[in-house]
Every structure is written in structure tokens, then in C-alpha cells.
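Heads up, the thing below is written out as C-alpha cells.
Just so you know, these numbers use all the heavy atoms, side chains as well, and skip hydrogens, waters and symmetry mates. In what follows, every chain begins at residue 1, and chains take the letters A, B, ... in the order their sequences are listed.
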Amino acid sequence: MSASKTGRLEARDASVVFRSGFGGRIAKTALRDATLGIGGEKPSIVAVVGESGSGKTTLTHLLLGFRSPTSGTVTYRGVDIAKMTGGERRVFRREVQAVFQDPFEVFNPFYRVDHALFTPLSVFGIARDRNDARAKIETALETVGLRPGETLGKYPHQLSGGQRQRIMIARALLLDPHIILADEPVSMVDASLRSTILQTLLRLKEEAGISLVYVTHDLTTAYQVADTIVVLFAGVIVESGGAEEVINAPRHPYTRALIDAIPSPDPDVPWNLDAIEPGEGGNGIPGTGCPFAPRCPFATMDCARAEPALAEIAPGRHVRCIRPLGGA
Amino acid sequence: MSGPVLEVADLSVRYRTPVGPAYAVDGIGFNLMPRERMGLVGESGSGKSTTVLALMRMIRPPGEISAGHVRLEGRDVLALSEEDLRRTRFARMSLVPQGAMSSLNPVLPIGAQFADLFAAHDIDPDDGHVAGLLSRVGLPPAVAARFPHELSGGMKQRVCIALAIALTPAVILADEPTSALDVVVQKQVLATLGRVQQDIGAAIILIGHDMALMAHFVDRIGVMYAGRLVETGPVKTVFRSPTHPYTKLLIGALPSLTARRAFQGIPGVPPSLTERPPGCPFQTRCPIAEARCRIEAPAPRPVGSDHLVACHLVGPA
Ligand SMILES: Nc1ncnc2c1ncn2[C@@H]1O[C@H](COP(=O)(O)OP(=O)(O)OP(=O)(O)O)[C@@H](O)[C@H]1O
Ligand SMILES: Nc1ncnc2c1ncn2[C@@H]1O[C@H](COP(=O)(O)OP(=O)(O)OP(=O)(O)O)[C@@H](O)[C@H]1O
Ligand SMILES: [Mg+2]
Ligand SMILES: [Mg+2]
């Protein structure tokens, strides 16, 4: 069955620059030279992690075609998504689904949640009739642990934060997509549901061939579910590779710092954030080359010279650092 | 004052729905001491947000507080007149609502949102006041001139905290103030909240799903399931020796970096809030449930020092 889901989405050297201020004189590069592929012959789960403002949402907006790249390209099934014909765009819209970051913003408060679920089915003519649509919706809701009878008919404000978030996931699943781009999809649900939902997404990858881009600030769940982890810092990919390797043998000091900063659920283990948040003044190394240098415990003046390139240090393993950590 | 700053007894909230009333909060009680930090965790949809909305008397029809008592600094909150209630909110008890970032008025600059709050409480702040509040939460004064969409998620979250502390309340209710923020910003926001809370001597109720964060921030924790408080106790006790079967499974579901793909979700779904089957609300998913659990609902009982558990099958330590 998985062989049938072959849509592949690719960003190649894509950058996004936001312009603001008078005449757009202030430029902010939210994402630079991002190369990332998902889907195709071999379905996979790619986790994108990084701190607030590192460009994670910008990357998903780029892949969804909400933002066009300032330079570089984004293609789906080999076609530049900015240049698609109406028919190609329709296929793209159906096969690539999104789960947005803020479940408090996406719903139209004047419609019952049913609207958000029935509309995509009717737009794409997927259900045979209303009963079939209803059956599909009920299945999708049950998949994310919601009782259809107590969910349908409600307005968004009548649902808890985690319930809204799960409806977003159900909606993405409804169209039987090839690829789901999910931006912090489980940030508002409890640990047990988080585990259940991620397990479901993993099962959908394995059984139905649905690929997933899982954007999160939570490295632990990224490690649990992803095949590949991509680490973003200040708009650039600083490290990527297999989940096991990135977590157990991080090569970029930022990845290492992120892992060290995860608080332990044991109240007696102190929460150590020093690695990520250097004291006043930092280490004195300017960020003129590597942007992480001012916060990096291993930085030297060499790091301030030029920004390192993203180097492939092993097959499928990339790092952007002039002196990558030792591995193992 | 040596007694609790907030006393909650037998609080129940129900929403009227086409299939009958939904008991979103079902008879919960706890005390909050001055300056205490209490955490509220539990299943999605278990009534955490509804609880804090009820404490603020912000439940709107078709919802209603159907039973219970809420005393804030000795005053009966549920009996306050609309006018007294208006004066109490923000001034004595304030709320950082869930999804607070999107609750900021999108068309007003941040400074104007503070001005509205002060005007509503007949306060005429001096010039540097807003800047002072912003700096307390680690934001530069220039933020006052910005619109919400020009701020990052973490910055908006801090603005909401600044609004909540602006009138130095005795109790701050913070509903998931750090969900979806990265660990650094989370720690900054919590450090801010903690520092300000100490400065103004407020007590705090923090709702969240990040158990590790809770473990490091609160003194005491309450665990909710299907509208009930199933376990409360000192945070270290509850993490070290979780006692209610739900708490055990919830803590067991925490992912770790040691075993990959070790998903430990609790099978099944929570009970219907409208059907309310008799007995313990957790019985359908509980690994140790017995016949009695299907008949009789357990009341919270002490199992250790300041440690209450609502389960028939666990006894005092
Ligand atoms: N419309 C915009 N105009 C100007 N700058 C923007 C705009 N949208 C995003 N940015 C900036 O681009 C950078 C990346 O933002 P993005 O939303 O992609 O971050 P993120 O990694 O998703 O963060 P978070 O974890 O907080 O959601 C940030 O510095 C942000 O301030
Ligand atoms: N206006 C309403 N009408 C009917 N039911 C409602 C209404 N508002 C909330 N509910 C229901 O009450 C229950 C409790 O919701 P609440 O928002 O308190 O949960 P929560 O514990 O905060 O969950 P989360 O962690 O997902 O935010 C949910 O099942 C929700 O669907
Ligand atoms: Mg984002
Ligand atoms: Mg809530």
C-alpha cells in the first residue's frame, strides 16, 4: 500500500527574507539555504527542532507554498510549486496536508468544528455522500482519541486546547495525504496522549506510507518518533542525520546544548541551562562567522571568521561547524 | 495572613449540551497557601482550564458553576456582585488564559492594552509604570509601541504575564503559559513568573503538560482526570511515589532519551462527561480496577503527609 504514496516534496537551497520598515529597508533572513526532502518511494518522519524564532514555522510555510522562497526552489513531484498548473496545485493541496501551530487561531469561531472537517472532504470530492463523509470523520476523530458524538456539533470555544489540536490532526488525516507537515501538533496534550498520537503517526507511516515533517521544540518526542532529525539555528540547518545518531552522538555544539538543557522529570536533578544561556556578556566571540559562536562553549576566534558550510561528514549526516564534536 | 489565600471546596461546573449536562469539573477541592506554587496537570479535556475559569467566575452560558465554594482572601468569590467581581479580577486574582498569545487585542499596541487595564480599575499610572512592568518580564520599553503580530511567541507570552501582574494580585492563575515554547524561553518565562510572584508575594496555580517543567517549578501538584482531582501532594512525593493508578501511568508515559519508540500511552479514552457512568471515572482504563470501582466513586483520602488520593485500592503508606 505504501508504494502508492509517492509524492515527494523538496526544498533546495531555499531562503526566506522578510522585509519590513519604510520601503522594506529592514531585511530579516528567517531561513537560509535550506535543503530538505520528504516523501517519495520511501516514506519517512523528519523532525525539525530548534529554538523559538529559528525558522521552523517559516520552513513549513515555505513547503506548503504559503511563502515563496526569496531564492532557491520548492518542488512537489518535481514541479516548482510556484509554477504549478491548476490541476497540479489541486493534487498538491490534497496530497500535502498541514497541522498548524496555534489551535487557538486557526478555527473560525462562527462555525462548528464539523465545518472544518466536512469542507475539505467536499472540496476534494472524497466522500461518496454525507453518510460516507460522516463515517470518515468519525474514524479520523477516533484515531486521535476523540469521541465523535461529543466533538461534532461543538464550536471551537467549547473544546479544550488539546481537543482543538487533535481535530487539526484528524483533519489532516481525512484526506489520506502523502505528506503531513505538522507544526507543534501535540504541544497542548498530556504525555499519554502525546505518546498515543505519535505512535499513530508512526503507524500511518509504516502501514499507509504517510510521510511526516514533525516540527517541535521537544527533542525527546522527536527522538521517539523520527527517522531523521534536522536541527535549525538562526534560520540555518546546523545538523541533520538519523535520530539515533543526532541524539546519542551530536556533532554540533548547539545540538549538544539542546540535549543537555532538557529538564529531567526527577525534581532532584537540577535543571541545567547554562550550556545554552551563557552568563552576561557571553564568551566574547562575535557572531560574525558562525552564528552560534557567541553562545558556544567551544568557540575560538576562528569561528568568527566565516560561516561554516554544511558538510556531509558521513552518508546522510551533515554538520555546520569547523570543529564538529567527536561523535560517539 | 497564615490561612490559605484561596480555598476551593466541592467546586462543580457543568455545560449544558444537546445530550444533557456535561460535568467538566466534578466536585474538586483544595487550598492554596500564600506564596505557594501549585501545579495542575492531567488528561487533555479533564477540566483544568474550566477550573481556573470558574475560580475567576468566567464560565459563560451554557456553562455554569453548579456547586461549590471559592474563597479568596476570605471573601466568597461566588457571592461577589458584578462590580466587586470586576474590581477583584486582575487586582486580587488574575489569569493568563490558555492560548494567551492570541488573546491580545491584535489592533492595539501593547502599551494601549495596559492603559485599558488601568483605566478599568481607575488607576492613573505614572509614566514609567508600563516600562517597569515590561522590564520585570525581561522586555525592553519599546515593546509598548509594538503590535502583537510584531512579537515572537515568547515575547507575547511575557506581555500576558506582565498584564496579569500589573495590579499585584494575591493569586496568579497561569494556564499553559509555556506550551510550544522552546526550553530556553520556557525557562525564561517560568523564571520571570517565579521572580515576579516572589516580588509581589503572590501564590500561583500553573497548568501545564510538561511534567519535567512542573517538577522544577511547583511546590505541590494536583492531578486531574475527568473533572476530578485524583491525586494531590508535594511535587517530590508525587513524582517519586505516584499513587493513583492514573498518575502512575501518566508519569510512566513520559518519553525519554534512553529508549527510542517506547510509546507508553494509556490505552482507551476518558469517560463521557455527559453519561457519567457510576463508580471511579478511571475504572475503564485502570489496570487494577475491581468490582467496587464500578459501583462507588472514591473520595480523596490521605495516604501520607499532605498527600491525597482518590482511589479505593490504595491505602495509607
Ligand atoms: N511576517 C514576518 N515578518 C517579519 N519577520 C518575521 C515574520 N514571520 C516570522 N518572522 C521572523 O522570522 C524568524 C523565524 O520565525 P518562525 O516563526 O519561523 O520561527 P519558529 O522557529 O517557528 O519559532 P517558534 O518556535 O517560536 O514558533 C523570527 O525571527 C521571526 O521573528
Ligand atoms: N462551552 C462548552 N460546552 C460544552 N463542553 C465544554 C465547553 N467548554 C469546555 N467543554 C468541555 O469541558 C471539558 C473540560 O475542558 P477544559 O478546557 O477545562 O479541559 P483542559 O483540562 O483544560 O484540557 P486541555 O489540557 O486540553 O486544555 C472538555 O471535555 C471540553 O470539551
Ligand atoms: Mg513556529
Ligand atoms: Mg486547557
Below 4.5 Å from any heavy atom of chain A, which atoms of B/Ala24 appear? Answer side chain, backbone, both or neither.
neither
Taking side chain to side chain donor-acceptor pair (under 3.5 Å) as the criterion, tell me which of A/Arg166, A/Gln165, A/Arg194 meets it with B/Ser44.
A/Arg166
So which of B/Arg240, B/Lys48, B/His216 has the biggest tally of heavy-atom pairs under 4.5 Å with chain A?
B/His216
Looking at A/Ile247, A/Asp190, A/Asp266, which one has more heavy-atom pairs under 4.5 Å with chain B than the rest?
A/Asp190
Need one label for B/Arg60: side chain, backbone, both or neither, based on atoms under 4.5 Å from any heavy atom in chain A.
neither
Turns out that what part of B/Thr258 lies under 4.5 Å from chain A's heavy atoms comes down to backbone
Lys/Arg N to Asp/Glu carboxylate O, A/Glu207 vs A/Arg203, below 4.0 Å
yes
Mind checking whether A/Tyr254 and A/Phe233 have parallel, tilted or perpendicular rings, split at 30° and 60°?
tilted
For A/Asp114, is there an ion pair with A/Lys154 - N to carboxylate O distance below 4.0 angstrom?
no
Under a 4.5 Å cutoff for heavy-atom pairs, which residue among B/Arg261, B/Met211, B/Glu176 has the most contacts with chain A?
B/Arg261
For chain B, find which of A/Leu198, A/Val186, A/Leu202, A/Leu193 contributes the most heavy-atom pairs closer than 4.5 angstrom.
A/Leu202
Quick check on the interface: out of B/Gly265, B/Gly208, B/Pro62, who has the most heavy-atom pairs with chain A under 4.5 Å?
B/Gly265
Part of A/Glu150 lying under 4.5 Å from any heavy atom of chain B
side chain
For each of B/Pro18, B/Ser272, B/Ser256, tally heavy-atom pairs with chain A at distances under 4.5 Å, and name the one with the top tally.
B/Ser272
Answer with yes or no whether the side chains of A/Ser44 and A/Asp227 bring together a donor and an acceptor at under 3.5 Å.
no
Quick one: are A/Leu59 and A/Val215 in side-chain contact, heavy atoms under 4.5 Å?
no
Minimum heavy-atom distance between B/Arg260 and A/Gln224, given as atom pair plus value
C-OE1, 3.8 Å
Chain B interface, residue from A/Gly162, A/Ser195, A/Gly161 that has the most non-hydrogen pairs under 4.5 Å:
A/Ser195
Segment of B/Thr50 engaging chain A (4.5 angstrom heavy-atom cut-off):
neither
Taking 4.0 angstrom as the limit, do B/Lys236 and A/Asp268 come out as a salt bridge?
yes
At a heavy-atom separation under 4.5 Å, does B/Glu43 approach chain A through its side chain, its backbone, both, or neither?
both
Can a side-chain donor-acceptor contact be found between B/Tyr15 and B/Glu64 if the only test is distance below 3.5 angstrom?
no
